[in-house]
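For reference, the structure is listed below as C-alpha coordinates.
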Amino acid sequence: MSRRGTEESSWWAESFTQALEAGTEPGRLARGRAYAADGAVQDLKVVPGEVRARVAGSGRSPYRVSLIRVCLAEEDWERVLGALAGQPLFRARLFEGALPPEVERVFGVLGLDLFPRGLDDLVLTCSCPDWGGTCKHVAATLTALSEAVGRDPFLLTTWLGMARGDFLAGLRRHAHGAADADDAGSGTEGAGGSPFPDTPRPRAEPFPDLPVDPARFWADTVPPEPAPPRPQPAIYAADPADDDGGDDATALLDALEPLYTRMTEASPDDV
(Lines give C-alpha, C1' and ligand atoms only; values in the text may rest on other atoms or scores of the structure.)
Protein backbone atom coordinates (compact mmCIF):
# COMPACT_ATOMS: atom_id res chain seq x y z
CA MET A 1 0.00 0.00 0.00
CA SER A 2 1.35 3.47 -0.87
CA ARG A 3 1.93 6.10 1.79
CA ARG A 4 -1.20 7.93 0.65
CA GLY A 5 -3.22 4.73 0.97
CA THR A 6 -1.89 4.11 4.47
CA GLU A 7 -2.67 7.66 5.57
CA GLU A 8 -6.19 7.47 4.18
CA SER A 9 -6.81 4.13 5.91
CA SER A 10 -5.72 5.62 9.24
CA TRP A 11 -7.87 8.70 8.62
CA TRP A 12 -11.03 6.67 8.01
CA ALA A 13 -10.57 4.57 11.17
CA GLU A 14 -9.74 7.54 13.41
CA SER A 15 -12.47 9.77 12.01
CA PHE A 16 -15.07 7.04 12.41
CA THR A 17 -14.08 6.52 16.07
CA GLN A 18 -14.19 10.27 16.74
CA ALA A 19 -17.65 10.48 15.18
CA LEU A 20 -18.89 7.65 17.41
CA GLU A 21 -17.50 9.29 20.54
CA ALA A 22 -18.96 12.71 19.74
CA GLY A 23 -21.33 13.83 22.47
CA THR A 24 -20.68 10.80 24.72
CA GLU A 25 -18.85 10.56 28.00
CA PRO A 26 -15.11 9.85 27.68
CA GLY A 27 -14.18 6.19 27.79
CA ARG A 28 -17.61 4.91 26.82
CA LEU A 29 -16.06 2.78 24.08
CA ALA A 30 -12.74 2.10 25.80
CA ARG A 31 -14.13 -0.88 27.74
CA GLY A 32 -14.58 -2.84 24.52
CA ARG A 33 -11.14 -2.20 22.98
CA ALA A 34 -9.43 -4.91 25.00
CA TYR A 35 -12.17 -7.35 23.95
CA ALA A 36 -11.67 -6.45 20.30
CA ALA A 37 -7.89 -6.68 20.63
CA ASP A 38 -8.23 -10.21 22.01
CA GLY A 39 -10.24 -11.28 18.96
CA ALA A 40 -13.56 -11.59 20.77
CA VAL A 41 -15.52 -10.14 17.84
CA GLN A 42 -16.50 -12.84 15.38
CA ASP A 43 -18.41 -12.90 12.10
CA LEU A 44 -18.58 -9.11 11.67
CA LYS A 45 -20.94 -8.42 8.78
CA VAL A 46 -22.12 -5.11 7.33
CA VAL A 47 -25.41 -5.04 5.41
CA PRO A 48 -27.65 -2.12 4.43
CA GLY A 49 -28.95 -0.59 7.65
CA GLU A 50 -27.25 -3.00 10.07
CA VAL A 51 -23.91 -4.28 11.37
CA ARG A 52 -24.04 -7.75 12.92
CA ALA A 53 -21.46 -9.62 14.96
CA ARG A 54 -21.01 -12.34 17.56
CA VAL A 55 -18.83 -11.45 20.55
CA ALA A 56 -17.33 -13.96 22.95
CA GLY A 57 -18.03 -13.23 26.60
CA SER A 58 -18.51 -14.94 29.93
CA GLY A 59 -21.38 -17.06 28.63
CA ARG A 60 -21.07 -20.38 26.89
CA SER A 61 -22.19 -18.99 23.55
CA PRO A 62 -21.10 -15.73 21.89
CA TYR A 63 -23.45 -12.78 22.35
CA ARG A 64 -25.28 -11.42 19.33
CA VAL A 65 -24.70 -7.71 18.65
CA SER A 66 -26.64 -5.52 16.24
CA LEU A 67 -25.87 -1.91 15.24
CA ILE A 68 -28.77 -0.40 13.32
CA ARG A 69 -28.61 2.82 11.31
CA VAL A 70 -31.17 4.52 9.06
CA CYS A 71 -30.31 4.17 5.37
CA LEU A 72 -30.24 7.12 2.99
CA ALA A 73 -33.22 7.66 0.72
CA GLU A 74 -32.82 6.86 -2.98
CA GLU A 75 -33.03 10.52 -3.96
CA ASP A 76 -30.22 11.35 -1.53
CA TRP A 77 -28.00 8.69 -3.08
CA GLU A 78 -28.73 10.16 -6.51
CA ARG A 79 -27.56 13.57 -5.27
CA VAL A 80 -24.34 12.08 -3.88
CA LEU A 81 -23.59 10.10 -7.03
CA GLY A 82 -24.32 13.07 -9.26
CA ALA A 83 -22.00 15.34 -7.28
CA LEU A 84 -19.15 12.82 -7.30
CA ALA A 85 -19.59 11.83 -10.97
CA GLY A 86 -19.26 15.48 -11.99
CA GLN A 87 -15.64 15.56 -10.80
CA PRO A 88 -13.12 13.69 -13.00
CA LEU A 89 -10.50 13.13 -10.31
CA PHE A 90 -13.09 11.88 -7.86
CA ARG A 91 -14.50 9.29 -10.20
CA ALA A 92 -10.99 8.24 -11.27
CA ARG A 93 -10.01 7.49 -7.66
CA LEU A 94 -13.32 5.76 -6.98
CA PHE A 95 -13.04 3.56 -10.05
CA GLU A 96 -9.56 2.59 -8.82
CA GLY A 97 -11.25 1.20 -5.73
CA ALA A 98 -10.38 4.04 -3.35
CA LEU A 99 -12.74 6.23 -1.34
CA PRO A 100 -10.99 9.60 -0.86
CA PRO A 101 -11.50 11.24 2.55
CA GLU A 102 -12.94 14.31 0.82
CA VAL A 103 -16.03 12.26 -0.03
CA GLU A 104 -17.11 12.71 3.59
CA ARG A 105 -17.03 16.48 3.07
CA VAL A 106 -19.17 16.17 -0.05
CA PHE A 107 -21.79 14.31 2.01
CA GLY A 108 -21.70 17.18 4.51
CA VAL A 109 -22.10 19.85 1.83
CA LEU A 110 -25.20 18.02 0.61
CA GLY A 111 -26.61 17.98 4.15
CA LEU A 112 -25.98 14.26 4.67
CA ASP A 113 -23.88 12.24 7.12
CA LEU A 114 -21.47 9.54 6.02
CA PHE A 115 -20.44 8.97 9.66
CA PRO A 116 -22.98 8.52 12.46
CA ARG A 117 -23.48 11.54 14.71
CA GLY A 118 -22.45 9.72 17.83
CA LEU A 119 -23.90 6.62 19.47
CA ASP A 120 -27.31 8.23 19.85
CA ASP A 121 -27.61 8.06 16.05
CA LEU A 122 -27.63 4.26 16.27
CA VAL A 123 -29.85 1.54 17.71
CA LEU A 124 -27.47 -0.72 19.69
CA THR A 125 -28.59 -4.13 20.93
CA CYS A 126 -26.82 -7.08 22.52
CA SER A 127 -28.11 -10.41 23.80
CA CYS A 128 -25.99 -10.19 26.99
CA PRO A 129 -27.66 -9.49 30.39
CA ASP A 130 -25.91 -6.12 30.76
CA TRP A 131 -28.58 -3.46 30.23
CA GLY A 132 -26.57 -0.60 31.72
CA GLY A 133 -25.93 1.51 28.65
CA THR A 134 -23.36 0.52 26.04
CA CYS A 135 -22.08 -2.92 27.04
CA LYS A 136 -18.54 -4.04 26.36
CA HIS A 137 -19.72 -6.39 23.61
CA VAL A 138 -21.28 -3.51 21.67
CA ALA A 139 -18.18 -1.39 22.34
CA ALA A 140 -15.95 -4.20 21.06
CA THR A 141 -18.08 -4.50 17.90
CA LEU A 142 -17.82 -0.75 17.29
CA THR A 143 -14.04 -0.96 17.71
CA ALA A 144 -13.81 -3.86 15.27
CA LEU A 145 -16.05 -1.99 12.86
CA SER A 146 -13.77 1.07 13.05
CA GLU A 147 -10.78 -1.09 12.11
CA ALA A 148 -12.74 -2.66 9.26
CA VAL A 149 -13.74 0.79 7.96
CA GLY A 150 -10.05 1.74 7.89
CA ARG A 151 -9.39 -1.23 5.62
CA ASP A 152 -12.51 -0.72 3.48
CA PRO A 153 -14.30 2.65 3.78
CA PHE A 154 -17.00 1.43 1.40
CA LEU A 155 -18.46 -0.39 4.41
CA LEU A 156 -19.87 3.01 5.39
CA THR A 157 -21.80 3.30 2.12
CA THR A 158 -23.01 -0.28 2.54
CA TRP A 159 -24.24 0.51 6.07
CA LEU A 160 -26.07 3.53 4.65
CA GLY A 161 -27.81 1.38 2.07
CA MET A 162 -25.55 1.15 -0.99
CA ALA A 163 -22.87 -1.53 -1.31
CA ARG A 164 -19.63 -0.89 -3.17
CA GLY A 165 -20.78 -2.55 -6.43
CA ASP A 166 -24.05 -0.60 -6.54
CA PHE A 167 -22.24 2.59 -5.58
CA LEU A 168 -19.73 2.28 -8.44
CA ALA A 169 -22.43 1.22 -10.90
CA GLY A 170 -24.47 4.31 -10.01
CA LEU A 171 -21.39 6.48 -10.35
CA ARG A 172 -20.73 5.13 -13.84
CA ARG A 173 -24.36 5.70 -14.78
CA HIS A 174 -24.19 9.33 -13.74
CA ALA A 175 -20.82 9.82 -15.43
CA HIS A 176 -22.09 8.35 -18.70
CA GLY A 177 -25.22 10.48 -18.44
CA ALA A 178 -23.13 13.63 -18.05
CA ALA A 179 -20.98 12.60 -21.03
CA ASP A 180 -24.05 11.95 -23.19
CA ALA A 181 -25.47 15.34 -22.26
CA ASP A 182 -22.21 17.03 -23.25
CA ASP A 183 -22.16 15.18 -26.57
CA ALA A 184 -25.78 16.09 -27.32
CA GLY A 185 -25.13 19.74 -26.56
CA SER A 186 -21.90 20.00 -28.54
CA GLY A 187 -22.65 17.68 -31.43
CA THR A 188 -19.40 15.80 -30.82
CA GLU A 189 -18.62 12.31 -29.61
CA GLY A 190 -15.95 13.34 -27.15
CA ALA A 191 -12.21 13.50 -27.70
CA GLY A 192 -10.77 10.07 -28.41
CA GLY A 193 -14.07 8.33 -27.71
CA SER A 194 -13.56 8.74 -23.98
CA PRO A 195 -16.64 7.90 -21.87
CA PHE A 196 -15.86 10.90 -19.67
CA PRO A 197 -15.15 13.89 -21.93
CA ASP A 198 -14.81 16.93 -19.69
CA THR A 199 -15.34 19.42 -22.51
CA PRO A 200 -15.95 19.21 -26.25
CA ARG A 201 -12.89 19.58 -28.45
CA PRO A 202 -12.70 23.21 -29.72
CA ARG A 203 -13.24 23.67 -33.44
CA ALA A 204 -10.09 24.76 -35.27
CA GLU A 205 -10.36 27.99 -37.25
CA PRO A 206 -8.95 27.91 -40.83
CA PHE A 207 -5.66 29.72 -41.40
CA PRO A 208 -5.58 32.55 -43.97
CA ASP A 209 -4.20 31.85 -47.43
CA LEU A 210 -0.48 32.45 -47.89
CA PRO A 211 0.52 35.34 -50.19
CA VAL A 212 1.56 34.43 -53.72
CA ASP A 213 4.81 36.37 -53.36
CA PRO A 214 6.90 34.77 -50.56
CA ALA A 215 8.75 38.06 -50.04
CA ARG A 216 5.54 39.70 -48.90
CA PHE A 217 4.74 36.98 -46.36
CA TRP A 218 5.68 39.07 -43.30
CA ALA A 219 4.26 42.26 -44.75
CA ASP A 220 0.79 41.08 -45.74
CA THR A 221 0.01 38.13 -43.49
CA VAL A 222 -1.84 38.92 -40.28
CA PRO A 223 -0.89 36.47 -37.54
CA PRO A 224 -3.89 34.37 -36.49
CA GLU A 225 -5.56 35.01 -33.18
CA PRO A 226 -4.32 32.69 -30.41
CA ALA A 227 -6.49 29.69 -29.71
CA PRO A 228 -9.05 30.22 -26.94
CA PRO A 229 -7.93 28.88 -23.57
CA ARG A 230 -9.11 25.42 -22.62
CA PRO A 231 -12.16 25.61 -20.32
CA GLN A 232 -11.53 25.31 -16.62
CA PRO A 233 -11.57 21.79 -15.13
CA ALA A 234 -14.89 20.39 -13.98
CA ILE A 235 -14.14 21.31 -10.38
CA TYR A 236 -15.01 24.91 -11.26
CA ALA A 237 -18.36 23.93 -12.76
CA ALA A 238 -21.56 24.32 -10.81
CA ASP A 239 -22.70 21.57 -8.51
CA PRO A 240 -24.58 19.11 -10.77
CA ALA A 241 -27.14 18.65 -8.02
CA ASP A 242 -27.84 22.38 -7.88
CA ASP A 243 -28.98 23.83 -11.19
CA ASP A 244 -28.85 27.36 -9.88
CA GLY A 245 -25.35 27.16 -8.37
CA GLY A 246 -25.24 29.36 -5.31
CA ASP A 247 -23.87 28.70 -1.86
CA ASP A 248 -24.13 24.90 -2.13
CA ALA A 249 -22.12 24.87 -5.34
CA THR A 250 -19.43 27.09 -3.81
CA ALA A 251 -19.25 24.88 -0.75
CA LEU A 252 -18.87 21.79 -2.90
CA LEU A 253 -16.02 23.38 -4.84
CA ASP A 254 -14.30 24.28 -1.58
CA ALA A 255 -14.69 20.69 -0.41
CA LEU A 256 -13.24 19.23 -3.61
CA GLU A 257 -10.33 21.60 -4.13
CA PRO A 258 -8.03 19.95 -1.52
CA LEU A 259 -8.48 16.63 -3.31
CA TYR A 260 -7.42 18.15 -6.63
CA THR A 261 -4.37 19.67 -4.97
CA ARG A 262 -3.42 16.40 -3.27
CA MET A 263 -3.97 14.23 -6.32
CA THR A 264 -1.96 16.44 -8.69
CA GLU A 265 1.08 16.45 -6.41
CA ALA A 266 3.47 13.59 -7.05
CA SER A 267 3.89 11.22 -4.10
CA PRO A 268 7.35 9.61 -3.66
CA ASP A 269 5.68 6.25 -3.11
CA ASP A 270 3.58 6.55 -6.24
CA VAL A 271 6.50 7.25 -8.59
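Nothing fancy with the numbering, it's 1 onward along the sequence. Keep in mind that this is a model prediction, so the values were computed, not measured.
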Minimum-distance pair of heavy atoms, taken over all atoms of L84 and F167: CD1-CZ, 3.6 Å

Heavy-atom neighbours of E74 CD exceed 12 at 6.0 Å: no

Enumerate donor-acceptor pairs with a distance under 3.5 Å from any side-chain N or O in residues 106-115 to protein atoms, sequence neighbours excluded.
unit_1: D113; atom_1: OD1; unit_2: R117; atom_2: NE; d: 3.3
unit_1: D113; atom_1: OD2; unit_2: R117; atom_2: NE; d: 2.7
unit_1: D113; atom_1: OD2; unit_2: R117; atom_2: NH2; d: 3.4

Heavy-atom pair with the smallest gap, counting every atom of P116 and W159: CG-CZ3, 3.9 Å

Check against side chain to side chain contact (heavy atoms under 4.5 Å, CB included), L145 and V46: CA-CA 9 Å; L145 177 61; V46 181; 3.9 Å; yes

Test item: W77 side-chain N/O and G161 main-chain N/O as donor-acceptor pair under 3.5 Å: no

Rounded distance (nearest 0.5 Å) linking atom CH2 of W12 with atom CD of E104: 6.5 Å

Exam field: side chain T157 to backbone M162, donor-acceptor pair closer than 3.5 Å: yes

Lys/Arg N to Asp/Glu carboxylate O, E147 vs R33, below 4.0 Å: no

Connected via hydrophobic side-chain network under 4.5 Å: V70 and L67: no

Nearest heavy-atom neighbours spanning R164 and G97: NH1-O, 3.6 Å

Distance (rounded to the nearest 0.5 Å) between E102 CD and Q87 CD: 12.0 Å

Distance-minimising heavy-atom pair for A53 and T141: CB-CG2, 3.8 Å

No-hydrogen, no-angle side-chain donor-acceptor test under 3.5 Å, T17 and E21: no

In one Ile/Leu/Val/Met/Phe/Trp/Tyr side-chain cluster, 4.5 Å: L156, V47: no

Straight-line distance of I68 CD1 to L124 CG, nearest 0.5 Å: 9.0 Å

Stepwise side chain to side chain contact (heavy atoms under 4.5 Å, CB included) check, L99 with L94: CA-CA 6 Å; L99 193 69; L94 288 163; 3.4 Å; yes

Linked, directly or transitively: Y63 and V138 (ILVMFWY side chains, under 4.5 Å): no

Reported OG-to-NZ distance for the pair S66 and K45, which is rounded to 0.5 angstrom: 12.5 Å

Closest heavy-atom pair and its distance - A140, A36: O-CB, 3.7 Å

Pairwise distance CZ(R69) to CG(L160) - rounded to 0.5 angstrom: 4.0 Å

Side chain to side chain contact (heavy atoms under 4.5 Å, CB included) evaluation trace for R173 with E78: CA-CA 10 Å; R173 172 170 51 82; E78 290 299 304; 3.0 Å; yes

Taking every non-hydrogen atom, the tightest pair across P62 and Q42: CG-OE1, 4.0 Å

Residues forming a salt bridge (Lys or Arg N to Asp or Glu O under 4.0 Å) with D130, sequence neighbours excluded: R31

D120 CG to L20 CG distance, which is reported to the nearest 0.5 Å: 11.5 Å

